[in-house]
Protein chains: 2
Amino acid sequence: MSNKTIQDIENRIASLLKRSDLSVTESRRKILHLFLEQPGALAHGDIERKAGEKFDRVTVYRTLQAFVDKGIIHTIPTADNSIRYALCKDDCSAGHHHDHHIHFVCTNCNNTYCLDDVVTPEIKLPKGYQAEHVEVVVEGVCKNCKG
Amino acid sequence: MSNKTIQDIENRIASLLKRSDLSVTESRRKILHLFLEQPGALAHGDIERKAGEKFDRVTVYRTLQAFVDKGIIHTIPTADNSIRYALCKDDCSAGHHHDHHIHFVCTNCNNTYCLDDVVTPEIKLPKGYQAEHVEVVVEGVCKNCKG
DNA sequence: GATTGTTTTGCAACTATGTTGCCTTTTTAT
DNA sequence: ATAAAAAGGCAACATAGTTGCAAAACAATC
């Protein structure tokens with residue numbers, strides 16, 4: 001990998017942070033790196049393990065909270081009660097997530113993926129219920145695990 | 001309320017437990033009561049608060065776990081990372097939940113409902129992904145809160 | 001590039017949540 | 001009524017998440 005590429009990633013991270021009114025600190029750059037490095041979602045525990053040797057537990061909590069607030073990442077609810085986080089696409093802004101895609105949890109490798117091309121379906125609710133947001137999580141076997 | 005009605009509920013609870021190969025104990029009856037008394041789902045915290053004055057914390061955990069294992073209740077994933085539990089319909093059996101209904105979380109009263117009549121839609125996944133289970137959680141305003 | 005005001009971090013202490021082993025009590029079956 | 005089996009309570013522990021405050025890092029200005 002060339003220096004130019006590394007520099008590109010750093011620039012991308014810095015501009016993402018600045019656009020969100022967040023100062024560019026080491027922990028924020030490190031955690032954003034983790035998200036950019038891999039395709040799926042990360043559980044809080046994963047992040048703490050990968051980044052936590054350098055940073056305090058509290059810093060990880062606060063960093064993730066800041067990223068959610070600013071619309072850089074979004075949370076994915078799962079059945080095992082461990083919140084997972086994934087990068088938002090560019091059209092998410094602070095406090096207003098446009099995440100109409102569905103999520104896929106692999107029962108084999110336990111990875112979580114955002115399927116950005118699969119749109120949440122319309123759900124017809126009983127009379128009186130008013131939908132604001134629909135969350136779809138599909139469990140199954142992912143592309144990589146399906147031999 | 002007549003004595004007969006109270007007796008009916010007790011009988012219903014006892015037979016539900018026996019059918020599931022669970023012995024009929026005070027804590028299990030109490031916790032089942034809580035579920036039957038109200039329409040929505042209960043978070044672990046709710047149950048501990050309502051039943052916990054009489055029972056140990058550990059007992060509540062183990063009771064809920066037993067109920068899930070036996071197919072008496074099922075879990076509902078939510079974005080705020082608090083597992084909620086709701087009664088299964090009668091066709092759920094041990095280890096094999098037929099919960100193809102969707103869940104509704106009210107952003108106003110914070111109650112969670114099983115919408116038993118709303119079936120989860122078919123989701124068309126990208127090539128290579130194989131679905132085993134689809135979970136749909138809708139957030140919005142419920143029937144009671146919509147003035 | 002040094003200085004100053006603001007933001008972020010690390011630390012410590014704390015609360016909440018969940019788990020495990022062991023002994024006692026309750027339940028079930030006989 | 002009694003014995004075997006199951007469940008509950010207790011204590012101790014492990015993990016997860018929060019808060020206040022002082023120290024350090026960052027951004028902005030000169």
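Quick caveat, the model's predicted, so the values are computed rather than measured.
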Ignoring hydrogens and geometry beyond distance, is the side chain of [X] in donor-acceptor contact with the base of [N] at under 3.5 Å?
| X | N | result |
| --- | --- | --- |
| A:Arg57 | C:dG10 | no |
| B:Arg62 | D:dG9 | yes |
| B:Arg28 | D:dG8 | no |

Whole angstroms only, please: what is the [atom1]-[atom2] distance between [X] and [N]?
| X | N | atom1 | atom2 | result |
| --- | --- | --- | --- | --- |
| A:Ile31 | C:dT8 | CD1 | C1' | 12 Å |
| B:Arg84 | C:dT17 | CZ | P | 13 Å |
| B:Glu53 | D:dG9 | CD | C1' | 17 Å |
| A:Asp46 | D:dT15 | CG | P | 15 Å |
| A:Leu17 | D:dC26 | CG | P | 12 Å |
| B:Tyr61 | D:dA7 | OH | C1' | 18 Å |
| A:Lys18 | D:dA27 | NZ | C1' | 10 Å |
| B:Asp21 | C:dA29 | CG | C1' | 14 Å |

It should be established whether A:Thr25 places a side-chain nitrogen or oxygen under 4.0 Å from OP1 or OP2 of nucleotide D:dA25.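 For A:Thr25, the contact criterion (side-chain N or O under 4.0 Å from OP1 or OP2 of D:dA25) is not met.
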
Between D:dG8 and B:Ser27, is there an OP1 or OP2 to side-chain N/O distance shorter than 4.0 Å? yes

So do [Y] and [X] actually touch side chain to side chain, heavy atoms under 4.5 Å?
| X | Y | answer |
| --- | --- | --- |
| B:His74 | B:His101 | yes |
| B:Arg29 | B:Leu17 | yes |
| B:Pro39 | B:Asn111 | no |

If two hydrophobic side chains count as joined below 4.5 Å and joins carry through other members, does B:Val119 share a cluster with B:Val138?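 No, B:Val119 does not connect to B:Val138 through the hydrophobic network.
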
Starting the side chain at C-beta, find the nucleotide from D:dG9, C:dT9, C:dT28 nearest to B:Asp56.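 That would be D:dG9.
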
Let's see if you can work this out: which of D:dG8, C:dG10, D:dA27 has an atom nearest to the side-chain heavy atoms of A:Phe55?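 Within the option list, the nearest is C:dG10.
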
Applying a 4.0 Å non-hydrogen cut-off, can you work out what A:Lys54 is touching in the nucleic acid: base, sugar-phosphate, or nothing?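 If one applies the 4.0 Å heavy-atom cut-off, A:Lys54 turns out to touch the sugar-phosphate alone, with no base involved.
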
Is the centre of the B:Tyr129 ring less than 6.0 Å from the centre of the A:Phe104 ring? yes

Need to verify one output field. Residue with the more 5' nearest nucleotide on DNA chain C, B:Arg29 or B:Gln65? B:Gln65

Which residue, B:His44 or B:Glu26, contacts DNA chain C at a nucleotide closer to its 5' end, judged by nearest heavy atom?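 With B:His44 and B:Glu26 compared, the 5'-side residue is B:His44.
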
Please figure out whether A:Leu22 or B:Val58 has its closest DNA chain D nucleotide nearer the 5' end. B:Val58

